[in-house]
Amino acid sequence: MSRLVKDRGSVGRRIWRRRKRRGPSTPMGTAAAEAGELERDLEGDDDEVPFDEPAPDPPPRSGGGVFAAVRALFTRRRAPAQSKPSRATPEPSYLVFDPTRDVLSVPRGAARLDAFERALVECPPGTPQQRALALAYHRELSALAEGAGIDLSLLEARVERCAQALIGAGEEERAGNLFLRVGRRHQAADLFLKAGAVDELEETHAQIHWEEGGARHQARLELERFEALWLVGARDQAFDALAKAHTLWPENPIYTEMHARFVERLGKARRLRLRARDHERLIVGSWPLVVGRGEEAALVLQSPTLSRAHLQIERKDGALWVRDLDSRGGTRVNGAPLTGVAALPPTAVIDMGGVVVESAPAEGGIMLWAALSPQLRTIALLGERTRIAPPGTTDGGAVVGFDARGRAVVEPPARVGGESVRRATLLLEGDVVNDGAWSWSVARA
């Protein structure tokens, strides 16, 4: 109370100065209003509060007037320091700077398009401003095409930069529509596929098929035919369709890659290599037949005593003949030295400088193998087909051979890749042929 009395003079001086400013006298009816105005003036003025610590809670207010205002003044709590508002942090620059507004202030035409290009270069990628610029640029180009009738193919470089900005902003569908305006339908189709725009994708493909026409349209039809024929197992016809599609559209990289891959899997003409467990069969349909250590030999034997082309077996007048190719170690057939050309017996033991090769008749041909490696055998066809029987048996086995173009085929009732074949089916590298007892895998010949 002593503090209140001590400080009352300063409050009185404040009231006297206020009355002096307002005039010589103030009606009594306005005392409460004046007290309220004084309370508002003193609100927040901490310099006049004589307390160094928070005051206790004030008693309930029971009346008006000047004393009520003074009591309310001196019983007001000091605000905690932590409740004071902190200085606001500045917002990021990309929320404050709006490049789209500056660009649109440029007169429409080439100057505005240049402004868009400069703004896209200067704007950081991935920001809202970059997306707004890309969308505004797209609207500008669309307005030029639709409203002014300008052919956007004349502005293809600008269209490309706008489309890339739209792609960066996640607007693939709009970028695809922009590419459609300049005739780049394949790129538009890729963007529609990425964006999941099914209707636009189908319409774009229809336009591509309609407008390309001619050889390219026919190439697409042949590729679709290839896929359908391949699914039903007609591999020979499917391969012909793929080859035709590649011929009609040779600059298409997809057709070129597919055709090259299938040609590689077909392997060499009239050669087929089959493997099962530790056994191997090489079926050869071309004559004469060379034996030696060279890679092109029908029967390859790794021995330093052999020549690369040591021995040759020929077909002449329905009989088989054997010839030594001036080898270093010489050749003996059934123990007799071979000089020049001699008839090859149905069953023979051929000694080539210490390397022994045996021969025996096989179904549709003749079989050759090294005495030290009987599991690796070569079958030279005298006709077009032979039977690959499991080792140690003479019955069963898959029937394989070559078609008129020298491509390896398998006959029914074998299974290829788990599917039963109903006709002579082309064999490709990586196929698995099951004959009911063994599974033979097609390897590179």
Provide the closest heavy-atom pair for Ala175 versus Ile167 in the form atom of the first, atom of the second, distance.
CB-CG1, 3.8 Å

Can you confirm whether Arg181 sits close enough to Ser142 that some side-chain heavy atom of one is under 4.5 Å from a side-chain heavy atom of the other?
yes

Set of ring pair (Phe, Tyr, Trp, His ring centres under 6.0 Å) partners for Tyr255, sequence neighbours left out:
Trp249

Do Thr425 side-chain atoms and Val421 backbone N/O form a donor-acceptor pair below 3.5 Å?
no

With a 3.5 Å distance limit and no angle check, can you tell me whether Arg273 reaches the backbone of Arg444 through a side-chain donor-acceptor pair?
yes

Check whether any side-chain N or O of Arg415 sits under 3.5 Å from a backbone N or O of Gly418 as a donor-acceptor pair, and report yes or no.
yes

How long is the gap from CD on Glu173 to CG on Leu191, to the nearest 0.5 Å?
10.0 Å

Just do the side chain to side chain contact (heavy atoms under 4.5 Å, CB included) check on Tyr137 and Arg158 with the steps written out, would you?
CA-CA 10 Å; Tyr137 199 6; Arg158 298 182 185 272; 3.4 Å; yes

Considering all heavy atoms, the nearest Asp403-Arg270 contact
O-NH1, 4.0 Å

Aromatic ring pairing His279/Trp438, orientation class (parallel under 30°, perpendicular over 60°, tilted between):
perpendicular

Salt bridge (charged side-chain N to carboxylate O under 4.0 Å, His left out), that's the test. Do Glu296 and Lys268 meet it? Break it down for me.
CA-CA 11 Å; Glu296 297 300 323; Lys268 297 180 181 179; 3.7 Å; yes

Within 6.0 angstrom of Arg328 CZ, more than 12 heavy atoms from elsewhere
yes

Where Ala134 and Cys162 come nearest, the two heavy atoms and their spacing
O-SG, 4.1 Å

Side-chain donor/acceptor of Thr256 to backbone N/O of Pro250, under 3.5 Å:
yes

Presence of salt bridge, Glu146 and Arg139, under 4.0 angstrom
no

Interatomic distance, Leu166 atom CG to Glu172 atom CD [nearest 0.5 angstrom]
9.0 Å

Could you tell me whether Glu295 and Arg308 make a salt bridge, using a distance below 4.0 angstrom between a side-chain N and a carboxylate O?
no

Close side-chain approach of Glu160 and Phe179, heavy atoms under 4.5 Å
yes

Residues Met258, Leu242; criterion side chain to side chain contact (heavy atoms under 4.5 Å, CB included); working and verdict:
CA-CA 8 Å; Met258 291 178 62; Leu242 178 60; 4.2 Å; yes

Which pairs of donor and acceptor atoms, one on a side chain in residues 281-291, lie under 3.5 Å apart (sequence neighbours left out)?
residue: Arg281; atom: NH1; partner: Gln375; partner atom: O; Å: 3.3
residue: Trp287; atom: NE1; partner: Leu381; partner atom: O; Å: 2.8

If you count heavy atoms of other groups shown closer than 6.0 angstrom to CZ of Arg315, is the number above 12?
yes

Does Arg387 reach the main-chain N or O of Gly397 with its side chain, forming a donor-acceptor pair under 3.5 Å?
yes

Has Asp151 got a side-chain atom pairing as donor or acceptor with Leu154's backbone, closer than 3.5 angstrom?
no

Show your working on salt bridge (charged side-chain N to carboxylate O under 4.0 Å, His left out) between Glu280 and Arg377 and close with a plain yes or no.
CA-CA 6 Å; Glu280 182 178 297; Arg377 303 196 176 197; over 6 Å; no

Donor-acceptor contact below 3.5 Å, side chain Ser373 vs main chain Ala370
no

How about Glu257: does its CD atom have over 12 heavy atoms from other parts shown lying under 6.0 Å from it?
no

Run the side chain to side chain contact (heavy atoms under 4.5 Å, CB included) check on Glu314 and Gln312 step by step: do they pass?
CA-CA 6 Å; Glu314 305 171 354; Gln312 179 174 293; 2.6 Å; yes

Which atoms form the tightest heavy-atom contact between Ala245 and Glu222, and what is the distance?
CB-CB, 3.8 Å

Can Glu140 and Arg108 be counted as an ion pair, charged N to O under 4.0 angstrom?
yes

Any donor-acceptor N/O pair, Arg112 side chain to Leu104 backbone, under 3.5 Å:
yes

Counting neighbours of CG on Leu372 that are heavy atoms of other residues, nucleotides or ligands and sit closer than 6.0 Å, is the number greater than 12?
no

As an exercise, state the distance from NE2 of His138 to CG of Leu135, rounded to the nearest 0.5 Å.
8.5 Å

Could you tell me whether Arg131 and Glu171 have a side-chain N and a carboxylate O separated by less than 4.0 Å?
yes

d(Arg185 CZ, Asp190 CG) to nearest 0.5 Å is 14.0 Å

Give a yes or no on whether the backbone of Leu306 and the side-chain of Arg293 come within a donor-acceptor separation of less than 3.5 Å.
yes

Using a 3.5 Å distance criterion without hydrogens, assess whether the side chain of Asp114 forms a donor-acceptor pair with backbone atoms of Ala111.
no

So, applying side-chain contact (heavy atoms from CB on, under 4.5 Å) with Arg265, which one of Leu427, Asp431, Leu426 is it?
Asp431

Would you mind reporting whether Val355 and Thr305 have side-chain heavy atoms less than 4.5 Å apart?
yes

For the residue pair Trp440 and Ala276, what are the closest heavy atoms and their distance?
CE3-CB, 3.5 Å

Below 4.5 Å, heavy atoms only, C-beta onward: do Leu178 and Leu152 meet side chain to side chain?
yes

Mind running side chain to side chain donor-acceptor pair (under 3.5 Å) on Arg184 and Gln187 for me, showing each step along the way?
CA-CA 6 Å; Arg184 296 166 65 168; Gln187 289 178 278; 2.5 Å; yes

Stepwise side chain to side chain contact (heavy atoms under 4.5 Å, CB included) check, Val357 with Leu299
CA-CA 9 Å; Val357 173; Leu299 180 59; 3.7 Å; yes

Can you find a heavy atom in the side chain of Arg423 that is under 4.5 Å from one in the side chain of Arg235?
no

Minimum side-chain heavy-atom gap Val410-Val399 below 4.5 Å
no

In terms of the angle between their ring planes, are Phe262 and Phe226 parallel, tilted or perpendicular, with boundaries placed at 30° and 60°?
perpendicular

Atom CD1 of Ile150 with >12 non-hydrogen neighbours under 6.0 angstrom
yes

Kindly give the heavy-atom pair with the smallest separation between Pro412 and Ala424, and that separation in Å.
CD-N, 4.2 Å

So how far is it from Leu120 CG to Gln130 CD, rounded to the nearest 0.5 Å?
6.5 Å

Any side-chain heavy-atom pair from Asn177 and Phe192 closer than 4.5 angstrom?
yes

Hey, could you give me the CZ/CG distance between Arg323 and Leu311, rounded to the nearest 0.5 Å?
10.5 Å

Mind checking whether Phe116 and Val106 have side chains closer than 4.5 Å, heavy atoms only?
no

